[in-house]
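Report on one structure; see the data block that follows.
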Amino acid sequence: QAPTTNGPARSGTGAAQTLYYFTWSDYVDREQLAGFEARTGARVVVDTFSSNEELLAKIQGGAGGYDVAAPSDFMVSIMVREGLLAELDLARIPNVASLSPWLSDLPFDPAQRYAVPYLWGTVGIGFDSAVVATPPDSWEVLWDPRYRGKISMLNDQREVFGVALRAMGHSLNETAPAAIEQAKRRLLAQKPLVKTYTSENYDNLLAAGEVALAHGWGGAVARAMDERPSLRYVIPREGATIWADCLVVLRTSRNKDLAMRFINYLLETDVAVHTTNRLRFASANREVKDRVDARVRQNPAVYPPEDARDRLEWMVDVGDAIRLYDRAWTELKMR
Amino acid sequence: MAWMGLFFFLPLLLVFVISFMMRGTYGGVEWVFSLDNYAALLDPLYLRIYLRSILLATATTLLCLILGFPLAYYMARLPAHWQAVWMVLIMIPFWTNFLVRTYAWIFILRSEGLLNTVLMEIGLISQPIEILYTDAAILIGLVYGYLPFMVLPLYAALERLDRSLVEAAADLYATGWSRFRRVILPLAKPGVAAGCLLVFIPSVGAFITPDLLGGARTMMVGNLIQHEFLVVRDWPFGSAVSFVLMAMVMAGLWGYLRWEGRSWLWR
Amino acid sequence: MVKIRFLGVQGVSLGALAFLYLPVAVLIAFSFNDSRLSAVWQGFTIRWYGVMLTDDALLAAIGNSLVVGLCSTVVATILGLLAAVSLERMGSARGRLVETTLVLPLVIPEIMMGVALMLFFVTALVPLGLLTITIGHAVMNVPVVMVIVRARLRKLDPKLEEAARDLGATPWQAFRRVTLPLLVPSIIGAVLMAFTISLDDFIVAFFTAGPGSTTLPLKVYSMVKSGVSPAINALSAVLIVVSMLLIAVSLWFQRKGGVALFRE
Amino acid sequence: MADFSIDIRNLVKRHGGTLAVDHLSVQVRRGEFFSILGPSGSGKTSTLRLIAGFEQPDSGEVLIEGRPMLGVPPHLRPVNMVFQSYVLFPHLTVFQNIAFGLEMQRLPAPEVRARVGPMMEMVKLTGKEHRVPAQLSGGEQQRVALARALVNRPAVLLLDEPLGALDQQLRQEMQGELKTIQQEVGLTFLFVTHHQEEALTMSDRLAIMDKGRLLQVGTPQELYEMPTSVFVAQFVGTSNHLPGRLDTIESGCARVTATQHDRVPVLRTRIPEGVREGSSVVVVVRPEHLHVSADAHVNGFDNTLPARIEKTVYTGSEMLYLLRIAETLLWKARVPNVRVDQKRFAPGESVFVRWNAAEARVLSA
Amino acid sequence: MADFSIDIRNLVKRHGGTLAVDHLSVQVRRGEFFSILGPSGSGKTSTLRLIAGFEQPDSGEVLIEGRPMLGVPPHLRPVNMVFQSYVLFPHLTVFQNIAFGLEMQRLPAPEVRARVGPMMEMVKLTGKEHRVPAQLSGGEQQRVALARALVNRPAVLLLDEPLGALDQQLRQEMQGELKTIQQEVGLTFLFVTHHQEEALTMSDRLAIMDKGRLLQVGTPQELYEMPTSVFVAQFVGTSNHLPGRLDTIESGCARVTATQHDRVPVLRTRIPEGVREGSSVVVVVRPEHLHVSADAHVNGFDNTLPARIEKTVYTGSEMLYLLRIAETLLWKARVPNVRVDQKRFAPGESVFVRWNAAEARVLSA
Ligand SMILES: Nc1ncnc2c1ncn2[C@@H]1O[C@H](COP(=O)(O)OP(=O)(O)OP(=O)(O)O)[C@@H](O)[C@H]1O
Ligand SMILES: Nc1ncnc2c1ncn2[C@@H]1O[C@H](COP(=O)(O)OP(=O)(O)OP(=O)(O)O)[C@@H](O)[C@H]1O
Ligand SMILES: [Mg+2]
Ligand SMILES: [Mg+2]
């Protein structure tokens, strides 16, 4: 039962402690919370945000009172820089031991001082094998005139430019004006083929057969597969974005101890298995993969093939280059 | 009054100040005065965004007027308690969730959607027409969203209109159309003005409808503002964009009143 | 012949109503769709209603929405009413100035209102939460209420209040017993409008919400990443049906000769 | 060309339950000033609305200038209406109001001006062209309404209580003006009112309506002096009534015995048409025909009744006396103050009321 | 206790430029039916509004029951008003409308009922308690307005043209009712109207106003028969005028020579008060005092003038003749139709107009 007043006033320590968890909708369900509450006697209040930007806006705006949040990778680095996060005491989070090693040292948080990876996934191409006969292995397919009007792209400037940059062999964190300019030209060339730029409902569109190729997050594509079995997911050979939602403790938290215990709880194998099965997002806990349902484990949209791993790249803040992206993005839209 | 001052003008002032500052390298506000934000807006690229938004908003307003006027006229003629019922009926659809409604529209408009299926069933068209992800879709979405804002003030104005004036016009040889043109419309003018304002403003700043129904293939001012505030986190620029929009609307309003030679809309 | 034209008008009106309810019908239909996505029909189910009823986060959200909606509407209605009335009493020159400023919020992009309010609350150290959302929505709605009520107020005969005064009513009594009741129709309209705006607002709520104050729109948008659950459709369906029932009841009462909402 | 401007043939109109117009048949001659007089709710407005075409009759028909009007919409009928409450267009100036009809007929601007100008003259509004109705006095508004209709030179002008909202002074002025205008332009006026004096003084002929039915049609004099029914006698002017039985008809006069008031002697009245001896009747005498005096012996009158002054009302030009003839019988008498020094009676005085057979009408009850 | 219900001491009220009320002083006695009569725009309503307290005087004062009212708000004044246009509360039932004032005084519900009941009786509305004004006829609404004010038993009842909106029949009825009610409850009525006949027939005393100024106060008879100014003579009833010069004052009568019409001989009139010989005057004669006949020789009249019938108007109870005395001089004569067979003149006939000195008043021009 979420209280209908703003939390800080309530989050006093004492007999019944309350933990405020700010996260993506559906990331935790009742049972999990119940488990934790049973174990600690604390009460968990969950608030949800719809984008990392919203999370930041809120925390930066001074919406105090949250203890634990689940920002994505690039947002972690921003929040660190803005000094919004509290250092973790890994001693109190024993479950970090079971994290996949390759996820333990990340560009946006070297040496895991502020964040532990929680759920991760990739941004690739979801496609309908009934329409796209030969499984594509390159981003180039998104430039294939045969699929004019059957393509959807994410409505996100970094991701979309990422596709073009990758296709041209650049990093998706490219900051060279020339490269960005060139990417823009390629995207302009692609625009006529694109049916819609959307981050919201391409899963619907895939399932309904409105689009045959969708640039998007694996989880969403995985969801769509239930509706339309002929859907597939591929991570192109040029590589793709890998993202991870991490668990962090906010500096303004009044209950850091409880917060650490909560993070530790979420990383517990049983809990994590449950989460992955439900959300179809790969867990950072290496023991989980072997224990989730087969159709989840074998779904490349959830767990990319091992060989793909080294083609994945994290998206990091590009500083003032954002202006270049921004400008190019606006031009892309207005042409 | 004091209330408005406290919770409206102070905040506004704050944002106005910010619109003259600069973005920090990693977002946030750097407290250095500069006019760059406004200068940047002179770029034809942005002007096109404004133009496009204003055109769309104007179209929306007109459509709302065309659809809303008969509706309001009809309501005004109903027995008193039915008028109340219709008002509620017109509002209720908006007690559902905006996003879900929009998804419903997507389902209706998409190429294998409800509309096309029906049209093809009854043989009006041979192959699906592309409505979704066109400006048409945006218009439908906006008109749908803001129709009540037009109907209510219109209704208020028409409900005050004396029936026998229309009869007098008929008696003086006015045909149905000229009765509307020469008597009903002019007498409903305050309502029309209010309604148009209430529709135009929000639709000029709309951004979710254009994204979802328009396919985000182009930008509206609303998108720009939201993009700057949230994605790029360039609040100064976002504020500047907003203030210019405000200024444009106010100017338009002022011009209208001037042209009307009237002191205020509802007078 | 005047009749015939009127039938035409009636046609358009019913058409418009249909237009308003088409998507509503669709989303209700999908509340019975046996699938996580509102994409294709996968068969009939009522499980989403079960999900809705057991998802306390969702219920909390709608609860918050209703609380905020009601409170902000009450506040906005009272203030808007006062504004309208005091404007009527004011000299035209001053009145016009005040009116203009009062109507200003209408001409500001919502998102900017949101940002402005958030910055303000934060700098003023007002903890973000239901209170701040309520204030935000009230600010948005005061001008709406004022505009609607004002239209009606100007129609009233000022002599009515004089008559009341002459019969021994204090200024307040005159307003309370005569003017106010006669404003009821417009107030109903205003209340509906304000409540609707508040209930469906995402942007301002987005900026002014705090811990534990997630409203329904916020909740729904946050679902985008993991897919908007048809439980929302179910919820909307329930809302609609309930309000429809309320109308039916009120109608029934009026048939039974109860007090009509509008009497003139 | 038809000889009637308006020819109504048993017209019927229901409003929900009430029969607003009940088998009404009446003809209005070209160029005459014809009034419909009736109490409130008698169907006058309804009749005009049927002629103007705002409502459709349930049965019966209306011919204007000989042309049947069935299914002809208002804006195509050669009539114009002056409404009970003016109904001027508040957003148009005086000029625009008057020009409205002409513009609707697509007349070229110069001609419109050419016709509106003189019309403004006629209704004495020149100089006020650019005012809006709100800036006009009641009388002026009334004139605009009139001009707005007249300027179209309709075959018939329909006026629904055009003077109803004016004060007495203004009303009397406008009565004169209306009559003059009508004679100037020679139009057919169909004038509706419930003000009987107005109807009598202005009309060439008038029709009395009640409960949607037509009671009597004729010149003012016919209606006032030869009412065919008690209702008409009562509604047109004031009158005194005495129920009785018609005894005998002799040469020169008839004899009526009061049935309810035994103290009242046999009365001598003028000879009625179509009333059989022995049938029960009502004797009607106008107040101005009564001669009131205190002395018992005055010659030259056919009837004499003793009475007591119940109440006196001073109207300036005359005295109104309320006379008690019998316990339950009150009559009115009006005595002009022809001389300032003339004798006036006070309440309570006993007097004698006298009148001649010729002034007493007999109507079948 | 003061001997005046209302005591107005040179009251002044400006509306923008116009002097709505101009140094008005007038006293209304307790229990009398007092009327203010004046043309539209003469300041009648303004005066009432000042008494009721809706507006504040620019100077002068109003005393009610001897208490000065300066700064007393409307709801604390012991007067109640019946408005020119009723102004009933549309959202309240008849009962609630009438009970309004009592509830404002916090009377217990039972007593409210106890007082509203009889009031409804008196204005004959019993049975219609639960209707709303929209469901009432004009006359009924008028009665509600009256009851709503009367039920508070005010020291003075102010009535602003309460009958203005009614049709003739209803108006005459209500005139009777009002008078009766006033006598029953014995309240002071201050009645405003521009309908002179109404004022004359109903009032104990009346005041004539014009342009915000008071012209004359007196009983109906005083005002009609002894007007002190031409305006009053004209406004109260109709009258014929002849400008002239006062020659000599003899025993019994005065002699006036017409100044503008040489064909008119010297006239003999009643002796005026306070008019010096040689000063220019106006001779005023009432239409009903003129004797019209065709034959040249009739005795018993002091004045005789030849004239031509210009126009005749038939009102039923009498004939109105428009007489041309000289090119630019038109007089009116009213001749009661005392006998149906009496001689009536037609336009164009030459006649003689006669009257006595006693009926001709002389007013200084
Ligand atoms: N629109 C209507 N609906 C119901 N009844 C009506 C309507 N119009 C008229 N009536 C009824 O028809 C009858 C005649 O009405 P109408 O207005 O013609 O009378 P009227 O002679 O014009 O009265 P007044 O002199 O008061 O104007 C009345 O009983 C009235 O109640
Ligand atoms: N509120 C006002 N503003 C400006 N002038 C006014 C106002 N009220 C009255 N007047 C002017 O004052 C004068 C007297 O008005 P008032 O209403 O008292 O006349 P009245 O005798 O009541 O007229 P009527 O018989 O038409 O009601 C008029 O010239 C009118 O124009
Ligand atoms: Mg009528
Ligand atoms: Mg007045």
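Note on naming: letters A, B, ... go to the chains in the order of the sequence lines (proteins, then strands), and numbering restarts at 1 for each one. These numbers come from the heavy atoms of this one structure, side chains and all, not from hydrogens, waters or symmetry mates.
Listed here is the closest heavy atom pair of P217(C) and N97(B): CA-ND2, 3.6 Å. Of all heavy-atom pairs between A104(B) and P23(C), the closest is CB-O, 3.6 Å. The minimum heavy-atom distance between S13(C) and P70(B), with the atom names listed, is OG-O, 3.7 Å. P93(B) and I240(C) make their closest contact through CA-CD1, 4.4 Å (heavy atoms, listed as atom of the first residue, atom of the second, distance).
Here M91(B) contributes atom CE and I188(C) contributes atom CD1; the two are 12.0 Å apart, rounded to the nearest 0.5 Å. If you take CE on M87(B) and CE on M193(C), they are separated by 10.0 Å, rounding to the nearest 0.5 Å. Rounding to the nearest 0.5 Å gives a distance of 13.0 Å between CZ of F98(B) and OG of S236(C). Taking CG of N233(C) as the start and CZ of R101(B) as the end, the distance is 12.0 Å to the nearest 0.5 Å. Atom CG of L99(B) and atom CG of L27(C) lie 11.5 Å apart (nearest 0.5 Å). Atom CG of L12(B) sits about 11.5 Å away from atom CG of L119(C), to the nearest 0.5 Å.
Here W235(B) and F207(C) keep their ring centres 6.0 angstrom or further from each other. Side-chain rings of Y103(B) and F30(C) stay apart, their centers remaining 6.0 Å or farther from each other.
Against chain B, the residues from residues 198-205 of chain C that qualify, each with a non-hydrogen atom under 4.5 angstrom away, are L199(C), D200(C), F202(C), I203(C) in number order.
Chosen from F121(C), Y221(C), F195(C), the residue pairing most often with chain B at heavy-atom distances under 4.5 Å is Y221(C). Of the listed residues (I148(C), V24(C), V220(C), L14(C)), the one with the most heavy-atom contacts under 4.5 Å to chain B is V220(C). Across L216(C), L246(C), V115(C), the residue that shares the most heavy-atom pairs under 4.5 angstrom with chain B is V115(C).
F120(C) has its side chain out of reach of V15(B): every pair of non-hydrogen atoms, C-beta onward, lies at least 4.5 Å apart. Residues I92(B) and I247(C) form a side-chain contact, since some pair of their non-hydrogen atoms from C-beta on lies under 4.5 Å apart. Contact annotation: the side chain of L71(B) never approaches that of V12(C) to less than 4.5 Å [non-hydrogen atoms, C-beta and beyond].
Contacts between M223(C) and chain B at a heavy-atom distance below 4.5 Å are absent for every atom of the residue. Residue I90(B) touches chain C through both its backbone and its side chain, counting heavy-atom pairs closer than 4.5 Å. In this structure, chain B has heavy atoms under 4.5 Å from both the backbone and the side chain of L117(C). With a 4.5 angstrom heavy-atom cutoff, I197(C) touches chain B only via side-chain atoms.
The backbone N or O of V9(C) lies less than 3.5 Å from no partner atom in the side chain of Y73(B), so there is not a single donor-acceptor pair.
With no hydrogens or angles considered, no side-chain donor-acceptor pair links S243(C) and W95(B) at under 3.5 Å.
By the side chain to side chain contact (heavy atoms under 4.5 Å, CB included) test, V191(C) pairs with T73(C), T77(C), I187(C), sequence neighbours left out.
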